[in-house]
Amino acid sequence: MSEHILVAVAWPYANGPRHIGHVAGFGVPADIFARYHRLRGNRVLMISGTDEHGTPITLVADKEGTTPQAIADRYNKIIGDDLYNLGLSYDTFTRTTTANHYAVTQDIFRTLYERGYIIRKETLGAFSATTGRTLPDRYIEGTCPICGYDEARGDQCDNCGSQLDPTDLINPRSKVDGQPPVFKPTEHFFLDLPAFAEQLRTWIDQQHHWRPNVRNFSLNFLKDLKPRPITRDLEWGVPIPLPEYVHRDDKKIYVWFDAVIGYLSASIEWAINRGDPDAWRAWWQNPDARHFYFMGKDNIVFHTVIWPAMLLGYGAGGQFGAHPGGKYEGIPLQLPYNVVSSEFLTMEGKKFSSSRGIVIYVNDFLSRYDADALRYFLTIAGPENQDTDFTWAEFVRRNNDELVATWGNLVNRTLTNVYKNFGQVPQPGQLTAADEQLLEEVTTGLETVGDLLAAARFKAALSEAMRLAGQVNIYLSEQEPWKVIKQDRERAATIWYVALRCVDTLKIIFTPFLPFSSQRLHEYLGYDGYIAGPLLFREVTEADGRTHRVLTGEYEQWVGRWEPSALPVGQTLRPPQPLFKKLDEQVVEDELARMQSRATG
RNA sequence: GCCGGGGUAGCUCAGUGGUAGAGCAAACGGCUCAUAAUCGUUAGGUCGCGGGUUCGAAUCCCGCCUCCGGCACCA
């Protein structure tokens, strides 16, 4: 009955710290989904890591006079800490500069090459005159041959909108150092996407459970498929596993090609690290396993078209896919079951921009506010179906008027009353119709919220959870146990017992969204153990002696279950504290001023 | 230009054929156990504009206006 669920989360790029828009799009929704399925008793494997190759990282390294690896190390650490502090419960959050990832990437490249899905082609490339490195089209600017705009980019003119080729530009120059680029022929490898067009079309066409824009966008993309380059003239990347290239340091596998392979390599690493090297196959070569990918809308086609094409081409082949004589022999790797794409978050009405100071980094945010407050906002008001705006005023309002007032206050008023008057879960008397009805409504709500979560409808799920908390507040207002207790202690005990049972069930309902406060509530209610945690870092040593840090957790020890409360009568409560902090209105002004000083400073 | 998405109450957003919704903001009232939190009542929209299909349209079709993304060697 227990299902294998792969939660594949987009890989954050390690050229800087990540802002809250990044985690809004994939990190938080993926974690809510993973936590729900674990509570349900399903076998979840949630994997990701930092994406550490590519030109942007080499540019940061050049600027600081250090190596790309040093930059990747720094931001892998910062990003990993951010995700830990947000409570994102990865089974493995690793990185793309591991020996394991190189091996898996090269195996896929080699296998696709041998099967004829990777083709060689000579192209004209642009190189920096000073460093000899490839210059991506967007790092070249010059005068537009069509409209004469003198800051047109190599790929497009922002003035007239024309699609350009870098060789079209008049007086082309590098945006990095101002020098004219050198154009010379260079051989590259291309993934033969058109070879998979029919298979992909048939497959995507059947995915009616995808969000409509994901499916439509992908089908449309298939109409004009071209072979796509998967190598670059760059020293920073995974070596091309062919004898004439493997030792060259001027041509590597292109970063996007290795990044998507991370989903597979991180799964394999997870299995190796737990001492059961074939364990990943229960997700990847099990036809009943379901794979859910979480990312921003800019990444859709990588997950619906390109990565599936790679998986189709690889099948059950290569060094990792084959399982000679084993249970999974000949079973091809699983395609995505659902691709959950989010829209974008904006900041006070503008696009996030590190250079312009319109940004709030995760670590900065969490230094002043709680992770659960951020998780609440990003879920209830996040870019699930359309672009949404983060404003400090709205953050403070949602925190104070919704999270604190509705759920936090329900917990607080219930716990303080019971703790003060009984000190333990009171013995109820005969339940009235109103009592039964409320318990029934909350129990039904557990299923409703669960169904919404399973369908990746996070905003609707959290709204329903909040509505249920409101129902319990209404119940208390009607029953007035603080009055009843003056004449009828047994009836008051019954009312508080009912409220506690509801709070205990709501604790489970809120756990995927608000893991930190749910754990505290769990303890106030007198329970022991981790309802859903904790996360931990583990230092991993590979065969070549190098070490790296992995974010993981002991999720098999969670005591939480997606089931209605079975709160034992007589259980001793612990002294309660408010679950959430109310924020002063002054926060809005302070944060806007802080942003203003970043923008001008 | 091409492709995609949005335009619903003052604000933020739900709602894919069957009498227009939620939260907040507003007005009034109740309660006072609780982080002055809570509960109730009221008010508030020709669902961007025009046309069409239908017994019936925010929802389907056509046209238009407007905003926002993507357009591939960016990850």
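Below, chain A is the first sequence line, B the second, and so on; all start at residue 1.
RNA chain B lies under 4.0 Å from at least one heavy atom of each of the following residues of residues 410-421 of chain A: A:Asn412, A:Arg413, A:Thr416, A:Asn417, A:Lys420. The stretch residues 8-25 of chain A comes close to RNA chain B through A:Tyr13, each having a heavy atom under 4.0 Å from the strand.
When the salt bridge (Lys or Arg N to Asp or Glu O under 4.0 Å) test is applied to A:Arg201, the partners found at least two apart in sequence or on another chain are A:Glu198. Partners of A:Ser265 according to the side-chain contact (heavy atoms from CB on, under 4.5 Å) rule, which considers only residues two or more places apart in sequence or in another chain, are A:Asn100, A:His101, A:Val104. Every residue meeting the side-chain contact (heavy atoms from CB on, under 4.5 Å) condition with A:Ile474, not counting sequence neighbours, appears here in chain and number order: A:Gln471, A:Glu478. Scored by the salt bridge (Lys or Arg N to Asp or Glu O under 4.0 Å) test, A:Arg18 finds no partners at all (sequence neighbours excluded). In this structure, the ring pair (Phe, Tyr, Trp, His ring centres under 6.0 Å) partners of A:Trp392, at least two apart in sequence or on a different chain, are A:Phe365, A:Tyr369, A:Phe390, A:Phe395. A search for side-chain contact (heavy atoms from CB on, under 4.5 Å) contacts involving A:Ala461 returns A:Val449, A:Leu452, A:Leu453, A:Phe513, not counting sequence neighbours. Partners of A:Ala259 by side-chain contact (heavy atoms from CB on, under 4.5 Å), not counting sequence neighbours, listed by chain and number: A:Asp51.
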Atom pairs under 3.5 Å: protein N/O with N/O of nucleotides 6-14 of chain B:
| residue | atom | partner | partner atom | Å |
| --- | --- | --- | --- | --- |
| B:A14 | OP1 | A:Gln386 | NE2 | 3.3 |
| B:A14 | OP2 | A:Gln386 | NE2 | 2.5 |

> Dot-bracket for RNA chain B, 5' to 3', counting Watson-Crick or G-U wobble pairs under 3.5 Å, with [ ] for crossing pairs and | for inter-strand pairs?
Replying inline: ((((((((.[[[[.)..(..]]]].(((((.......))))).....[[[[[..)....]]]]])))))))....
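For residues 227-240 of chain A, every residue pair satisfying the salt bridge (charged side-chain N to carboxylate O under 4.0 Å, His left out) rule, not counting sequence neighbours, is listed here: A:Arg133-A:Glu235, A:Asp233-A:Lys251.
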